[in-house]
Number of protein chains: 2
Amino acid sequence: MTERWIHEVHRGDASFGLRVTSFVHAEVSPHQRIEIVETAALGRVLVLDGVFQTAERDERAYHELLAHPALCAARSIARVLVIGGGDGGTAREVLRHPEVERCVMVEIDRAVVEACRAHLPSIGGSAWSDPRLEVRFEDGARFVRECRERFDVVILDGSDPIGPSAGLFGRALYEDVRRLVGDDGLFALQTESPAIDLALFLEMQGALRASFERVHPYFGAVYLYAAGLFSWTVASGVTDPRAPRPARVAAIEAGCAHYDAEVHRAAFAAPPFVRRRLAR
Amino acid sequence: MTERWIHEVHRGDASFGLRVTSFVHAEVSPHQRIEIVETAALGRVLVLDGVFQTAERDERAYHELLAHPALCAARSIARVLVIGGGDGGTAREVLRHPEVERCVMVEIDRAVVEACRAHLPSIGGSAWSDPRLEVRFEDGARFVRECRERFDVVILDGSDPIGPSAGLFGRALYEDVRRLVGDDGLFALQTESPAIDLALFLEMQGALRASFERVHPYFGAVYLYAAGLFSWTVASGVTDPRAPRPARVAAIEAGCAHYDAEVHRAAFAAPPFVRRRLAR
């Protein structure tokens with residue numbers, strides 16, 4: 001029997017592969033190639049343009065750490081904007097907070113949402129039917145440029161800085177988000193792996209610092225990304241995101257596998273090789 | 001041109017691959033197959049029986065976190081025992097502490113040490129010529145069983161629980177180490193990835209708890225191991241390893257890339273999916 005594998009190659013030099021037990025879905029949307037495969041190690045995995053995005057048995061390590069540090073530190077979380085996040089996992093975590101009154105999700109690719117709702121239903125879960133969720137299929141960068149609504153928290157759940165997510169990296173977007181969240185709001189996003197590409201991590205930190213007064217990266221690990229140390233960042237005008245609000249954590253922690261108040265505080269400890277470069 | 005890659009397969013279901021730019025060394029010792037390859041992503045990599053052990057451009061993420069939490073928390077660190085660790089990286093970190101008077105390293109496979117000294121000289125560095133280091137080529141499990149010398153800190157730098165390292169896992173060894181370190185000493189070891197194999201992680205924690213009154217796992221990420229969340233553990237009779245001694249950290253932190261006092265404290269924050277299982 002021939003084994004079937006799917007591999008993601010990092011910059012031509014390293015690869016992470018998963019053994020595939022079945023090919024569940026494949027299509028080419030106007031934006032990208034979308035595949036969902038069943039793997040032996042991690043359950044079903046969403047692959048966009050050949051890059052692993054999220055896996056059933058691993059996604060909470062990413063989504064909980066993307067969403068909850070900002071949501072548990074912000075002054076208010078009544079209005080939340082999610083840019084990207086077509087698998088629904090980030091919206092699901094956002095909507096677990098009872099204080100959230102409205103969550104707008106702006107995803108460029110309707111086909112990703114439809115494929116994930118059909119074949120990865122556990123990731124979006126009850127979010128898709130939550131009346132507080134508004135899903136808009138449009139370009140996230142344009143949305144934040146033209147948006148006049150204010151949000152308490154903006155979460156960028158984009159892919160790598162290539163393909164349809166390319167416009168979701170860099171100063172123009174960050175300036176627009178800074179305007180949307182005002183002085184008190186928070187902006188959370190994944191900021192790649194300083195272990196694999198320290199220069200890219202530092203470039204993103206620099207771009208964020210040009211638009212936000214406070215920029216706090218935090219660290220963890222996601223098996224699917226095979227990245228060693230992975231990072232997210234919370235940026236803000238005035239709010240220090242490093243200390244969670246106990247009542248906010250208490251409202252969600254029973255359902256968390258990877259996030260709690262202790263993990264929140266610990267995640268902001270930067271390894272010295274990162275801290276020294278950030279201090280320059 | 002045909003590209004050359006080397007892959008490590010995890011339990012038949014996942015694989016991590018590195019592009020090889022040259023094959024530096026290969027031999028079969030009485031204990032295992034030893035390979036050293038030059039890779040584009042991580043420099044030279046030591047591979048034992050097909051399993052990635054250590055890489056020039058990544059090894060400090062593992063060795064600093066294996067050695068320094070125990071060394072910076074122990075009451076005394078005059079006498080240190082390293083079991084395994086044939087690449088020399090753990091001995092190098094141990095010997096950076098000026099308080100260490102004697103470091104015994106017990107490695108079963110002389111060929112690993114000779115290959116690493118020849119082809120991975122930066123990993124052992126000055127440790128190999130340090131007069132405080134005594135290298136013994138013998139079975140680590142037998143050494144601790146028969147040893148009557150006391151050590152302040154014992155560090156187990158073994159491979160996975162297969163092959164020549166198999167005897168370095170489990171209760172018999174841990175009982176012997178508990179006797180060697182007494183009530184005040186500390187035992188540090190890698191305890192695999194709870195993200196990949198939570199059952200194995202918990203089995204090791206259980207075996208440690210049968211021999212040690214205090215067992216404190218801590219967490220981080222190592223790119224080469226492609227394991228998502230990786231873990232180490234410090235076990236002891238009475239000493240709480242979670243708070244580092246400031247003078248101990250101050251003596252070594254300038255030379256650290258991955259370890260400092262803040263990382264030390266933060267690393268002991270267990271994710272809830274691990275913490276809940278440990279509390280049962």
Side-chain angles (χ1 to χ4, degrees), chain A residues 3 5 7-21 39-42 57-58 60-62 64-65 193-196 218-231 253-276, chain B residues 3 5 7-21 39-42 57-58 60-62 64-65 193-196 218-231 253-276:
Chain A
E3 288 199 338
W5 287 73
H7 290 90
E8 174 184 333
V9 177
H10 298 160
R11 307 196 305 178
D13 290 340
S15 76
F16 184 62
L18 293 169
R19 186 164 66 81
V20 173
T21 55
T39 68
L42 294 177
R57 290 211 288 272
D58 184 58
R60 295 167 73 183
Y62 170 77
E64 290 184 15
L65 270 291
S193 164
I196 291 184
Y218 58 101
F219 305 90
V222 180
Y223 180 44
L224 182 67
Y225 301 158
L229 190 73
F230 191 71
S231 78
E253 68 183 345
C256 285
H258 298 269
Y259 175 84
D260 65 11
E262 194 183 350
V263 168
H264 182 132
R265 286 184 288 266
F268 287 91
F273 82 95
V274 174
R275 180 171 45 74
R276 290 179 190 127
Chain B
E3 289 199 336
W5 287 74
H7 291 90
E8 175 183 334
V9 177
H10 299 160
R11 306 196 304 176
D13 290 339
S15 74
F16 184 62
L18 293 169
R19 186 163 66 81
V20 172
T21 55
T39 68
L42 293 177
R57 291 211 288 273
D58 184 60
R60 295 168 72 185
Y62 171 76
E64 290 183 16
L65 269 291
S193 164
I196 292 185
Y218 57 102
F219 304 90
V222 180
Y223 180 44
L224 181 68
Y225 300 158
L229 189 74
F230 191 73
S231 78
E253 67 182 347
C256 285
H258 298 268
Y259 174 85
D260 64 11
E262 194 184 352
V263 168
H264 182 130
R265 285 184 290 262
F268 287 92
F273 81 96
V274 175
R275 179 171 45 74
R276 290 180 191 127

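First the proteins, then the strands, lettered A, B, ... as listed; each starts at 1.
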Check each atom of A/Ala254 against the heavy atoms of chain B and say whether the ones under 4.5 Å are side chain, backbone, both or neither.
backbone
Tell me which of these, B/Tyr225, B/Tyr259, B/Trp5, has more heavy-atom pairs under 4.5 Å with chain A than the rest.
B/Trp5
A/Leu224 backbone acceptor or donor facing A/Asp58 side chain under 3.5 Å
yes
Let me know if B/Arg275 has heavy atoms under 4.5 Å from chain A in its side chain, its backbone, both or neither.
side chain
Tell me, with the steps shown, if B/Phe268 and B/Tyr218 meet ring pair (Phe, Tyr, Trp, His ring centres under 6.0 Å).
CA-CA 4 Å; B/Phe268 287 92; B/Tyr218 57 102; 5.0 Å; yes
Calculate, to the nearest 0.5 Å, the distance between atoms CZ and OG1 belonging to A/Arg57 and A/Thr39 respectively.
6.5 Å
Considering only heavy atoms, which portion of B/Arg276 lies under 4.5 Å from any heavy atom of chain A: side chain, backbone, both, or neither?
side chain
Looking at A/Glu64 and A/Cys256, would you say the former's side chain and the latter's main chain have a donor-acceptor pair under 3.5 Å?
no
Non-hydrogen side-chain atoms of B/Leu18 and B/His7 separated by less than 4.5 Å:
no
Can you say whether B/Glu253 sits under 4.5 Å from chain A via the side chain, the backbone, both, or neither, judging by heavy atoms?
backbone
Between A/Ala267, A/Ala61, A/Ala40, which shows the greatest number of heavy-atom pairs under 4.5 Å with chain B?
A/Ala40
Aromatic ring proximity B/Phe16/B/His10, centre distance under 6.0 Å:
no
What heavy-atom pair brings B/Ala221 and B/Phe230 nearest, and what distance separates the two atoms?
CA-CB, 4.5 Å
Sort B/Phe219 into side chain, backbone, both or neither according to what part of it lies under 4.5 angstrom from a heavy atom of chain A.
neither
Could you have a look at B/Gly220, B/Ala270, B/Ala266 and say which one has the most heavy-atom pairs with chain A under 4.5 angstrom?
B/Ala266
Among the listed options A/Pro271, A/Ala257, A/Ala269, the residue most often paired with chain B at heavy-atom distances under 4.5 Å:
A/Ala257
Under a 4.5 Å cutoff for heavy-atom pairs, which residue among B/Ala195, B/Ala227, B/Ser193 has the most contacts with chain A?
B/Ala227
Ignoring hydrogens and geometry, is there a side-chain-to-backbone donor-acceptor pair from B/Arg19 to A/Gly12 under 3.5 Å?
yes
Give the member of B/Thr21, B/Ile196, B/Leu42, B/Val9 that has the highest number of heavy-atom pairs under 4.5 Å with chain A.
B/Ile196
